[in-house]
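Since the structure comes first, as C-alpha coordinates, the remarks are kept for the end.
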Amino acid sequence: MVIVVAGVSGSGKSTVGRLLAERLGWEYAEADDFHPPANIAKMRGGTPLTDADRRPWLRAIAAWIDERIAAGRPGVVTCSALKRAYREPLAGGRPGVRLVMLDGDRDVIEARMKARKGHFFSADLLDSQFADLERPAPEEDVVIVPVEDGPEQIVDRILTELRPSDGA
Ligand SMILES: Nc1ncnc2c1ncn2[C@@H]1O[C@H](COP(=O)(O)OP(=O)(O)OP(=O)(O)O)[C@@H](O)[C@H]1O
Ligand SMILES: O=C(O)[C@H](O)[C@@H](O)[C@H](O)[C@H](O)CO
(Lines give C-alpha, C1' and ligand atoms only; values in the text may rest on other atoms or scores of the structure.)
(Ligands and ions follow the chains in the order given, each with its own letter.)
Protein backbone atom coordinates (compact mmCIF):
# COMPACT_ATOMS: atom_id res chain seq x y z
CA MET A 1 0.00 0.00 0.00
CA VAL A 2 1.08 3.57 -0.70
CA ILE A 3 -0.43 6.51 1.20
CA VAL A 4 -0.35 9.94 -0.46
CA VAL A 5 -0.54 12.82 2.03
CA ALA A 6 -2.05 15.86 0.27
CA GLY A 7 -3.01 19.43 1.13
CA VAL A 8 -2.04 23.04 0.49
CA SER A 9 1.42 24.28 1.36
CA GLY A 10 1.78 24.54 5.13
CA SER A 11 -1.05 22.09 5.87
CA GLY A 12 1.48 19.76 7.49
CA LYS A 13 2.13 17.18 4.76
CA SER A 14 5.83 16.76 5.54
CA THR A 15 5.35 16.75 9.31
CA VAL A 16 2.49 14.25 9.20
CA GLY A 17 3.85 12.18 6.31
CA ARG A 18 7.21 11.67 7.97
CA LEU A 19 5.63 10.70 11.28
CA LEU A 20 3.17 8.36 9.59
CA ALA A 21 5.98 6.60 7.71
CA GLU A 22 7.99 6.33 10.92
CA ARG A 23 5.07 4.83 12.83
CA LEU A 24 4.45 2.27 10.07
CA GLY A 25 8.14 1.61 9.39
CA TRP A 26 7.50 2.43 5.70
CA GLU A 27 9.61 4.31 3.18
CA TYR A 28 8.98 8.03 2.91
CA ALA A 29 9.32 10.46 0.02
CA GLU A 30 8.88 14.20 -0.06
CA ALA A 31 6.95 15.93 -2.85
CA ASP A 32 9.35 18.83 -3.14
CA ASP A 33 12.21 16.47 -4.02
CA PHE A 34 10.42 15.58 -7.28
CA HIS A 35 10.18 19.14 -8.62
CA PRO A 36 12.45 20.13 -11.50
CA PRO A 37 14.81 22.91 -10.34
CA ALA A 38 12.89 25.44 -12.47
CA ASN A 39 9.74 24.85 -10.39
CA ILE A 40 11.58 25.45 -7.12
CA ALA A 41 13.11 28.64 -8.56
CA LYS A 42 9.69 29.81 -9.65
CA MET A 43 8.11 29.23 -6.23
CA ARG A 44 11.10 30.79 -4.51
CA GLY A 45 10.51 33.86 -6.71
CA GLY A 46 6.91 34.03 -5.51
CA THR A 47 5.18 32.78 -8.67
CA PRO A 48 2.59 30.00 -8.38
CA LEU A 49 3.02 26.90 -10.52
CA THR A 50 0.77 26.24 -13.52
CA ASP A 51 -0.73 22.94 -14.64
CA ALA A 52 2.10 22.61 -17.17
CA ASP A 53 4.73 23.19 -14.46
CA ARG A 54 3.17 20.51 -12.30
CA ARG A 55 2.91 17.89 -15.05
CA PRO A 56 6.48 16.46 -14.92
CA TRP A 57 6.43 16.65 -11.14
CA LEU A 58 3.20 14.63 -10.89
CA ARG A 59 4.60 12.10 -13.35
CA ALA A 60 7.70 11.64 -11.19
CA ILE A 61 5.59 11.10 -8.08
CA ALA A 62 3.37 8.62 -9.93
CA ALA A 63 6.51 6.75 -11.01
CA TRP A 64 7.68 6.53 -7.39
CA ILE A 65 4.31 5.09 -6.41
CA ASP A 66 4.38 2.60 -9.32
CA GLU A 67 7.84 1.39 -8.33
CA ARG A 68 6.72 0.77 -4.75
CA ILE A 69 3.62 -1.12 -5.85
CA ALA A 70 5.54 -3.21 -8.39
CA ALA A 71 8.08 -4.13 -5.73
CA GLY A 72 5.45 -4.74 -3.04
CA ARG A 73 7.12 -2.17 -0.81
CA PRO A 74 4.75 0.09 1.11
CA GLY A 75 5.42 3.80 1.33
CA VAL A 76 4.22 7.25 2.22
CA VAL A 77 4.63 10.17 -0.18
CA THR A 78 3.54 13.78 0.12
CA CYS A 79 2.01 15.70 -2.80
CA SER A 80 -0.15 18.80 -2.61
CA ALA A 81 -2.53 17.15 -5.17
CA LEU A 82 -4.73 20.23 -5.10
CA LYS A 83 -6.88 19.45 -8.14
CA ARG A 84 -8.90 16.39 -8.97
CA ALA A 85 -7.03 16.07 -12.26
CA TYR A 86 -3.78 15.78 -10.27
CA ARG A 87 -5.19 13.21 -7.85
CA GLU A 88 -6.71 10.89 -10.46
CA PRO A 89 -3.45 9.59 -11.97
CA LEU A 90 -1.93 9.16 -8.51
CA ALA A 91 -4.72 7.49 -6.59
CA GLY A 92 -7.93 7.38 -8.64
CA GLY A 93 -9.31 3.86 -8.37
CA ARG A 94 -5.86 2.29 -8.09
CA PRO A 95 -5.87 -0.62 -5.69
CA GLY A 96 -3.18 -0.16 -3.10
CA VAL A 97 -3.06 3.66 -3.21
CA ARG A 98 -4.98 5.81 -0.76
CA LEU A 99 -4.99 9.58 -0.56
CA VAL A 100 -5.38 11.55 2.64
CA MET A 101 -5.98 15.29 2.42
CA LEU A 102 -5.05 17.60 5.28
CA ASP A 103 -7.54 20.43 5.24
CA GLY A 104 -8.28 23.30 7.53
CA ASP A 105 -8.68 26.91 8.28
CA ARG A 106 -6.59 29.26 6.16
CA ASP A 107 -5.63 31.39 9.17
CA VAL A 108 -4.28 28.39 11.09
CA ILE A 109 -2.22 27.30 8.10
CA GLU A 110 -0.97 30.82 7.42
CA ALA A 111 0.17 31.25 11.02
CA ARG A 112 2.11 27.97 10.84
CA MET A 113 3.73 29.00 7.57
CA LYS A 114 4.77 32.34 8.97
CA ALA A 115 6.35 30.64 11.98
CA ARG A 116 8.23 28.20 9.73
CA LYS A 117 11.77 29.30 9.00
CA GLY A 118 14.01 28.70 6.00
CA HIS A 119 11.41 27.34 3.60
CA PHE A 120 11.38 28.53 -0.01
CA PHE A 121 7.58 28.67 -0.18
CA SER A 122 6.28 31.90 1.30
CA ALA A 123 2.92 32.49 2.95
CA ASP A 124 2.18 35.05 0.22
CA LEU A 125 1.52 32.15 -2.13
CA LEU A 126 -1.10 30.62 0.14
CA ASP A 127 -3.97 32.41 -1.64
CA SER A 128 -2.95 30.78 -4.91
CA GLN A 129 -2.90 27.39 -3.19
CA PHE A 130 -6.46 27.84 -1.90
CA ALA A 131 -7.53 29.19 -5.31
CA ASP A 132 -6.27 26.00 -6.97
CA LEU A 133 -7.61 23.70 -4.27
CA GLU A 134 -10.51 21.53 -5.39
CA ARG A 135 -11.76 19.77 -2.29
CA PRO A 136 -12.23 16.06 -2.98
CA ALA A 137 -15.71 14.90 -4.00
CA PRO A 138 -17.15 11.97 -2.00
CA GLU A 139 -16.73 9.54 -4.90
CA GLU A 140 -12.99 10.18 -4.94
CA ASP A 141 -12.77 8.16 -1.72
CA VAL A 142 -10.25 10.55 -0.17
CA VAL A 143 -9.86 10.66 3.60
CA ILE A 144 -10.08 14.29 4.71
CA VAL A 145 -8.38 15.07 8.00
CA PRO A 146 -8.62 18.42 9.81
CA VAL A 147 -5.26 20.07 10.52
CA GLU A 148 -6.17 21.68 13.81
CA ASP A 149 -5.01 18.74 15.98
CA GLY A 150 -1.39 17.95 16.75
CA PRO A 151 0.64 15.79 14.34
CA GLU A 152 0.42 12.67 16.56
CA GLN A 153 -3.39 12.83 16.71
CA ILE A 154 -3.59 13.40 12.97
CA VAL A 155 -1.46 10.31 12.38
CA ASP A 156 -3.64 8.30 14.82
CA ARG A 157 -6.68 9.35 12.86
CA ILE A 158 -5.15 8.36 9.52
CA LEU A 159 -4.19 4.96 10.94
CA THR A 160 -7.73 4.45 12.27
CA GLU A 161 -9.36 5.42 8.98
CA LEU A 162 -7.07 3.46 6.67
CA ARG A 163 -6.02 0.51 8.84
CA PRO A 164 -2.87 0.06 6.72
CA SER A 165 -1.56 -2.74 8.95
CA ASP A 166 -4.45 -4.90 7.68
CA GLY A 167 -2.67 -4.74 4.33
CA ALA A 168 -5.67 -3.02 2.69
N1 LIG B 1 -0.61 19.45 13.26
C2 LIG B 1 0.26 20.44 13.45
N3 LIG B 1 0.22 21.17 14.58
C4 LIG B 1 1.08 22.20 14.76
N5 LIG B 1 2.04 22.57 13.89
C6 LIG B 1 2.14 21.87 12.75
C7 LIG B 1 1.26 20.77 12.47
N8 LIG B 1 1.58 20.26 11.26
C9 LIG B 1 2.61 21.02 10.80
N10 LIG B 1 2.95 21.98 11.69
C11 LIG B 1 3.98 23.01 11.49
O12 LIG B 1 3.49 23.84 10.43
C13 LIG B 1 4.52 24.14 9.50
C14 LIG B 1 4.14 23.61 8.12
O15 LIG B 1 4.16 22.21 8.15
P16 LIG B 1 4.83 21.36 7.00
O17 LIG B 1 6.12 21.95 6.56
O18 LIG B 1 4.82 19.93 7.43
O19 LIG B 1 3.72 21.58 5.85
P20 LIG B 1 3.73 21.12 4.34
O21 LIG B 1 2.32 20.88 3.94
O22 LIG B 1 4.68 20.00 4.13
O23 LIG B 1 4.26 22.40 3.59
P24 LIG B 1 4.96 22.54 2.15
O25 LIG B 1 4.03 21.93 1.17
O26 LIG B 1 5.07 24.02 1.96
O27 LIG B 1 6.29 21.86 2.21
C28 LIG B 1 5.81 23.54 10.06
O29 LIG B 1 6.54 24.51 10.74
C30 LIG B 1 5.30 22.44 11.00
O31 LIG B 1 6.19 22.23 12.08
O1 LIG C 1 1.47 22.18 -6.26
C2 LIG C 1 2.15 23.13 -5.87
O3 LIG C 1 1.84 24.31 -5.96
C4 LIG C 1 3.46 22.84 -5.23
O5 LIG C 1 3.76 21.51 -5.21
C6 LIG C 1 3.45 23.36 -3.82
O7 LIG C 1 2.38 22.84 -3.11
C8 LIG C 1 4.80 23.13 -3.16
O9 LIG C 1 5.55 22.12 -3.76
C10 LIG C 1 4.83 22.87 -1.74
O11 LIG C 1 3.60 22.76 -1.12
C12 LIG C 1 5.76 23.85 -1.09
O13 LIG C 1 6.62 23.16 -0.34
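Read the numbers this way: they start at 1 and go in the same order the structure lists the ligands and their atoms. Keep in mind that the numbers below use all heavy atoms, side chains included, and drop hydrogens, waters and symmetry copies. This chain uses plain numbering: 1 for the first residue, then up along the sequence.
Contacts of His119 with ligand 1, taken as heavy-atom pairs under 4.0 Å, involve the side chain alone. Only backbone heavy atoms of Val147 (N, CA, C or O) come within less than 4.0 Å of ligand 1; its side chain stays farther off.
Proximity of Val16 to ligand 1 is not established, as no heavy-atom distance is less than 4.0 Å. At least one heavy atom of Val8 sits closer than 4.0 Å to an atom of ligand 1. Residue contact annotation: Trp57 has a non-hydrogen atom under 4.0 Å from ligand 2. Within the 4.0 Å heavy-atom cutoff, Gly150 counts among the residues contacting ligand 1. Distances from ligand 1 to the non-hydrogen atoms of Gly10 include at least one value under 4.0 Å.
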Only distances under 3.5 Å count here; give the side-chain donor-acceptor pairs of residues 48-56 to other protein atoms, sequence neighbours excluded, each with its distance to 0.1 Å.
| unit_1 | atom_1 | unit_2 | atom_2 | d |
| --- | --- | --- | --- | --- |
| Thr50 | OG1 | Ala52 | N | 3.4 |
| Thr50 | OG1 | Asp53 | N | 3.1 |
| Thr50 | OG1 | Asp53 | OD2 | 3.1 |
| Asp51 | OD1 | Lys83 | NZ | 2.9 |
| Asp51 | OD1 | Tyr86 | OH | 2.5 |
| Asp53 | OD2 | Lys42 | NZ | 2.6 |
| Asp53 | OD2 | Thr50 | N | 2.9 |
| Arg54 | NH1 | Tyr86 | OH | 2.9 |
| Arg54 | NH1 | Asp132 | OD2 | 3.0 |
| Arg54 | NH2 | Asp132 | OD2 | 3.2 |

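Using modelled atom types, no side-chain atom of Lys13 and backbone atom of Val5 make a donor-acceptor pair closer than 3.5 Å. A distance-only check finds no donor-acceptor pair linking the side chain of Gln129 to the backbone of Val8 [under 3.5 Å]. Although no hydrogens or angles enter the test, the distance criterion places a donor-acceptor pair under 3.5 Å between the side chain of Arg87 and the main chain of Leu82. When atom types are taken as modelled, the side chain of Arg68 and the backbone of Val76 share no donor-acceptor pair closer than 3.5 angstrom.
The Ile154 neighbourhood of ligand 1 comprises atoms 1 (N), with distances under 4.0 Å to a heavy atom of that residue.
Checking Ser80, Ser122, Ala81 against atom 1 (O) of ligand 2, the nearest heavy atom belongs to Ser80. Taking each of Ala6, Gly12, Gly7 in turn, the one with a heavy atom nearest to atom 8 (N) of ligand 1 proves to be Gly12. For atom 18 (O) of ligand 1, the choice among Val5, Thr15, Thr78 with the nearest heavy atom turns out to be Thr15.
The closest protein non-hydrogen atom to atom 9 (O) of ligand 2 is Asp32 OD1, 2.7 Å. Looking at atom 28 (C) of ligand 1, its nearest protein heavy atom turns out to be Arg116 CD, 4.0 Å. The single protein non-hydrogen atom nearest to atom 11 (C) of ligand 1 is Arg112 CD, 4.2 Å, given as residue, atom name and distance.
Arg112 places none of its side-chain heavy atoms less than 4.5 Å from the side chain of Arg116.
With Ile158 as the partner, the side chain to side chain contact (heavy atoms under 4.5 Å, CB included) test is satisfied by one option alone out of Leu20, Leu24, Val143: Leu20.
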